[in-house]
2 protein chains.
Amino acid sequence: MSGTTATAGQRADMVRNRRLLLEAATAAFAEHGVDVPIGEIAQRAGLAKGTVFRHFASKEDLLAAIMLQMLDRLIDSADRLLGADDSATALREFMSDGVEVLAADRAFCEVIGRPSLQHAEVRDRIAQLCDAAEALTSRARERGAVRGDITGTDVVLLLGGIHQTAAPLLPVQPQAWRRYLALALDGLVATDAGPLPEPPPARLEIAEPTTPS
Amino acid sequence: MSGTTATAGQRADMVRNRRLLLEAATAAFAEHGVDVPIGEIAQRAGLAKGTVFRHFASKEDLLAAIMLQMLDRLIDSADRLLGADDSATALREFMSDGVEVLAADRAFCEVIGRPSLQHAEVRDRIAQLCDAAEALTSRARERGAVRGDITGTDVVLLLGGIHQTAAPLLPVQPQAWRRYLALALDGLVATDAGPLPEPPPARLEIAEPTTPS
DNA sequence: AGCTAACCTGACCGCCCGGTCACGTTGGTG
DNA sequence: CACCAACGTGACCGGGCGGTCAGGTTAGCT
């Protein structure tokens, strides 16, 4: 499925270093956000700064590789939950997983929330995530577990929103996101309420053609 | 009320430049976030970079002055709505105003969402905003317009969360926040749902004594 | 073991940023 | 009008960043 490995005729230490580098970068980005210096990533991996650029052409490419990794994990999670018995708890579990991932990774929050930071490939993967979420949501919708006008894109967007709601409390109450996830779910099932305005696009494809003057 | 003016024995051009500077900084921070260079703020005001530091000791101080200005406006708005007839629509209007302000100001979002960026004075003002929101929420709660376990801090936190939910759509659908505000409000009134976990602290005072090693 | 191509390294470059300061300019007062 | 203190200015500084490259090192094949 996720074919980012491609270990063809590479030297042994190179594949080892690449693995170390990805692990170090994942941790560093999660902890400090996208602004973490390349030097610190290299240091965490026990390598020199130049080695980073031998594996990834730019910092953006390294970030994109890791974001794709995170997104693939979420997509896999959604696909797996699609086979669950109870579609309502499946959707709930998907959202719970998603918010938890966001809470543990600063760079992921920053990239998801700001389209201007996204590689083209990352945008594609986000669209795939919307599709997977739509499949889950659709099943829950048919069962009447969520109101009729909620889309998969809504669900994906809510992941970021729920985390952001709890984010200022993160140093004090790391689990506060559970409160706002519960609140959002209560809103999602409010079938008696009126229809929601401003339905979002189906696949969350956001172009940014506005190159500033 | 808000006593940040203090025009005592100042030269005429200085007060004029200070006003220009605050206007330019407000616009620049709103558009580009906290990372906007001081030089661009000075340029927008038609002044030199050094002049900025004659009025504010550091970039942080300038940012704090503007954030206090925004927070005061929201607090005033909440106090005014406290005298409205319908406490339910008053709360709704407060949240609508708040999210709209966030949608129009990148720096405000960044500061609200990340306690580590906040001046002590800004933290105090945020606590005051929580108090004002609690007063509004309390009135709505007594009337049964919102569920019992929603606090003013919840309402303030939701402002940031609702905006973040809609933020990725901002270039495409600038009004998308209305959808997620409606969704959140439906969750807030869901009186039949179970109690929410993890109640937040009353005043959102977040210390960050953890100076990293 | 010997050899080579692929790989790792860290000093180095250019850039941009926040902040400073000696100097020129100007508003207000007598 | 003359004077000066307060203010505006922009060249300058130190630091940190992403990214490069010539040269040392090593893995893997023969």
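What you see is a predicted model, and the numbers here were worked out from it, not measured in a lab. Below, chain A is the first sequence line, B the second, and so on; all start at residue 1.
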Quick one: bend of the helix from C:dA1-D:dT30 to C:dG30-D:dC1 from 5 pairs per end, to 10°?
->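 End-to-end axis angle: 0°.
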
Pairs in or reaching into residues 61-70 of chain A: which pass side-chain hydrogen bond (donor to acceptor under 3.5 Å, both in side chains), with residues at least two apart or in two chains?
->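 As it turns out, the side-chain hydrogen bond (donor to acceptor under 3.5 Å, both in side chains) pairs with a partner in residues 61-70 of chain A, which skip direct neighbours, are A:Asp61-A:His119.
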
Think B:Arg18 forms a cation-pi with B:Phe56, using NZ or CZ under 6.0 Å from the six-ring centre and within 45 degrees of its axis?
->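 Geometry flag: set, cation within 6.0 Å and 45°.
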
Is there a donor-acceptor pair under 3.5 Å between the side chain of [X] and the backbone N or O of [Y]?
X        : Y        : value
A:Thr26  : A:Leu22  : yes
A:Gln173 : B:Pro199 : yes
B:Gln118 : B:Val111 : yes

Determine whether more than 12 heavy atoms belonging to other residues, nucleotides or ligands lie under 6.0 Å from atom CD of A:Glu60.
->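 No, the 6.0 Å shell around CD holds no more than 12 heavy atoms from other groups.
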
Does CD belonging to B:Glu23 count more than 12 external heavy atoms closer than 6.0 Å?
->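 More than 12 heavy atoms, drawn from other residues, nucleotides or ligands, come within 6.0 Å of this atom.
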
For DNA chain D, which residues in residues 22-44 of chain B have a heavy atom at a distance below 4.0 Å?
->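 Under 4.0 Å from DNA chain D: no residue of residues 22-44 of chain B.
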
Whole angstrom value for the distance that separates [atom2] of [N] from [atom1] of [X]:
X       : N      : atom1 : atom2 : result
B:Phe56 : D:dC7  : CZ    : P     : 14 Å
A:Asn17 : D:dT26 : CG    : C1'   : 12 Å
A:Arg16 : D:dG28 : CZ    : P     : 11 Å
A:Leu21 : C:dT9  : CG    : C1'   : 14 Å
B:His55 : D:dA6  : NE2   : C1'   : 11 Å
B:Met14 : D:dA5  : CE    : P     : 17 Å

In chain order, what residues pass the salt bridge (charged side-chain N to carboxylate O under 4.0 Å, His left out) check against B:Arg106, with sequence neighbours excluded?
->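 Salt bridge (charged side-chain N to carboxylate O under 4.0 Å, His left out) check on B:Arg106 returns B:Glu110.
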
B:Arg54: what forms a salt bridge (charged side-chain N to carboxylate O under 4.0 Å, His left out) with it, not counting sequence neighbours?
->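 Scan of B:Arg54 (salt bridge (charged side-chain N to carboxylate O under 4.0 Å, His left out), adjacent residues dropped) gives none.
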
Nearest-neighbour nucleotide for the B:Lys59 side chain, D:dG18, C:dC8, C:dG19 considered |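 From the listed options, C:dG19 comes nearest.
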
Salt bridge or not for B:Arg147 and A:Asp186, using N-O below 4.0 Å?
->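 Counted as a salt bridge, because a side-chain N and a carboxylate O are separated by less than 4.0 Å.
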
Salt bridge or not for B:Arg179 and A:Asp154, using N-O below 4.0 Å?
->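 Salt bridge: yes.
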
If a protein heavy atom is under 4.0 Å from the base, mark B; if only from the sugar-phosphate, S; if neither, -; do that for nucleotides 20-30 of chain C going 5' to 3'.
-> B-----BSS--

